[in-house]
Amino acid sequence: RSGEMAKLTQLLDNEAFRAYATYATIVLLKMMLMSLITAYFRITRKAFVNPEDTASFGKGESAKKYLRTDPDVERVRRGHLNDLENIVPFFGIGLLYALSGPELSTALLHFRIFTGARILHTLAYLIPLPQPSRGLSWAVAYAVTISMAYKVLKTSFYL
């Protein structure tokens, strides 16, 4: 059992891993915040998808008018879906990258650019900012993930 604790301690001594853990936590919390923003927009716009969610607004036909889509709710949902499509791959690839022994400065650059681009992407979706801000922020974060994947494959695997 003490051997396992030594391995965990060694992992926490890895500065690239600690940097990854920091920035992965930030983007995961940002992604979780999107759920709360979606709920806020659903409640304030009274736009629900499940009949049981409309119970506090009446019964029967009077509640059915709240079963609808709303452009603001859908915008937030699309931003959240985009997070799922991009942060989940970062989570896995970033972990492999952090464990592959990158230079700390290079790892920090990858993690910070990804995190900043995803935050900008969310702001571009929610405000909304004019294009190409959202597209560019998506592309930058995507390119960072591809860069990390390339470095993992180049340094860690037999290809």
Side-chain angles (χ1 to χ4, degrees), residues 8 11-12 14-100 102 104-152:
L8 181 59
L11 185 60
L12 294 176
N14 178 339
E15 289 182 316
F17 176 78
R18 289 195 344 247
Y20 162 77
T22 299
Y23 289 97
T25 300
I26 291 168
V27 293
L28 287 171
L29 286 171
K30 188 210 75 63
M31 188 169 66
M32 291 171 61
L33 179 62
M34 294 299 284
S35 296
L36 297 175
I37 295 170
T38 302
Y40 169 79
F41 274 89
R42 283 202 180 284
I43 292 166
T44 59
R45 305 305 193 269
K46 294 184 174 102
F48 302 99
V49 293
N50 299 308
E52 63 271 17
D53 298 338
T54 65
S56 61
F57 300 107
K59 295 194 184 292
E61 292 301 315
S62 65
K64 281 187 181 179
K65 67 182 175 183
Y66 300 110
L67 292 174
R68 61 186 182 84
T69 59
D70 177 86
D72 294 331
V73 172
E74 293 306 308
R75 176 172 281 282
V76 176
R77 287 183 67 240
R78 287 190 305 272
H80 193 192
L81 180 60
N82 194 277
D83 275 352
L84 290 168
E85 294 168 349
N86 290 276
I87 291 173
V88 171
F90 166 81
F91 197 66
I93 291 170
L95 176 62
L96 295 173
Y97 173 72
L99 297 176
S100 71
L104 178 60
S105 60
T106 306
L108 282 169
L109 189 63
H110 277 93
F111 301 149
R112 288 174 177 165
I113 290 172
F114 180 87
T115 301
R118 288 311 303 175
I119 290 170
L120 180 59
H121 183 270
T122 295
L123 293 173
Y125 237 126
L126 295 179
I127 290 176
L129 296 176
Q131 281 287 34
S133 58
R134 192 179 77 238
L136 285 174
S137 60
W138 171 85
V140 167
Y142 199 83
V144 167
T145 305
I146 295 297
S147 173
M148 290 188 301
Y150 171 76
K151 290 185 188 288
V152 166

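Worth knowing before you read on, the calculation uses all heavy atoms, side chains too, and leaves out hydrogens, waters and symmetry mates.
When only modelled atom types and interatomic distance are considered, Y125 and R75 share no side-chain donor-acceptor pair under 3.5 Å.
Put simply, the side chain of L136 does not reach to within 4.5 Å of the side chain of L120, judged on heavy atoms. Side-chain atoms of F48 and R68, non-hydrogen and from C-beta on, never get closer than 4.5 Å to each other. Contact check for L99 versus L95: side-chain heavy atoms found under the 4.5 Å cut-off. Contact check for F41 versus R77: no side-chain heavy atoms found under the 4.5 Å cut-off. Counting heavy atoms from C-beta outward, F91 and Y20 have side chains that approach closer than 4.5 Å. V49 has its side chain within reach of R42: a pair of non-hydrogen atoms, C-beta onward, lies under 4.5 Å apart. Residues N82 and R118 have side chains in contact (heavy-atom distance under 4.5 Å, counting atoms from C-beta outward).
Other residues, nucleotides and ligands place more than 12 heavy atoms under 6.0 Å from the CZ atom of F57.
Note on residues 121-136: no pairs pass salt bridge (charged side-chain N to carboxylate O under 4.0 Å, His left out), not counting sequence neighbours.
Here the closest heavy-atom approach between residue L96 and residue V152 is recorded as C-CG2, 3.7 Å. In terms of heavy-atom proximity, F114 sits nearest to N86 at CZ-O, 3.7 Å. Contact record, A98 with F111: CB-CZ, 4.2 Å, taken as the closest heavy-atom pair. Taking all atoms of both residues into account, the shortest heavy-atom contact from S100 to Y97 is OG-O, 2.7 Å. Residues H80 and M31 come closest through the heavy atom pair NE2-O, 3.4 Å. Minimum heavy-atom separation, G79 to M34: C-CE, 3.9 Å.
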| query | Can you list the steps and then say if I26 with Y23 is a side-chain contact (heavy atoms from CB on, under 4.5 Å)? | reply | CA-CA 5 Å; I26 291 168; Y23 289 97; 4.0 Å; yes
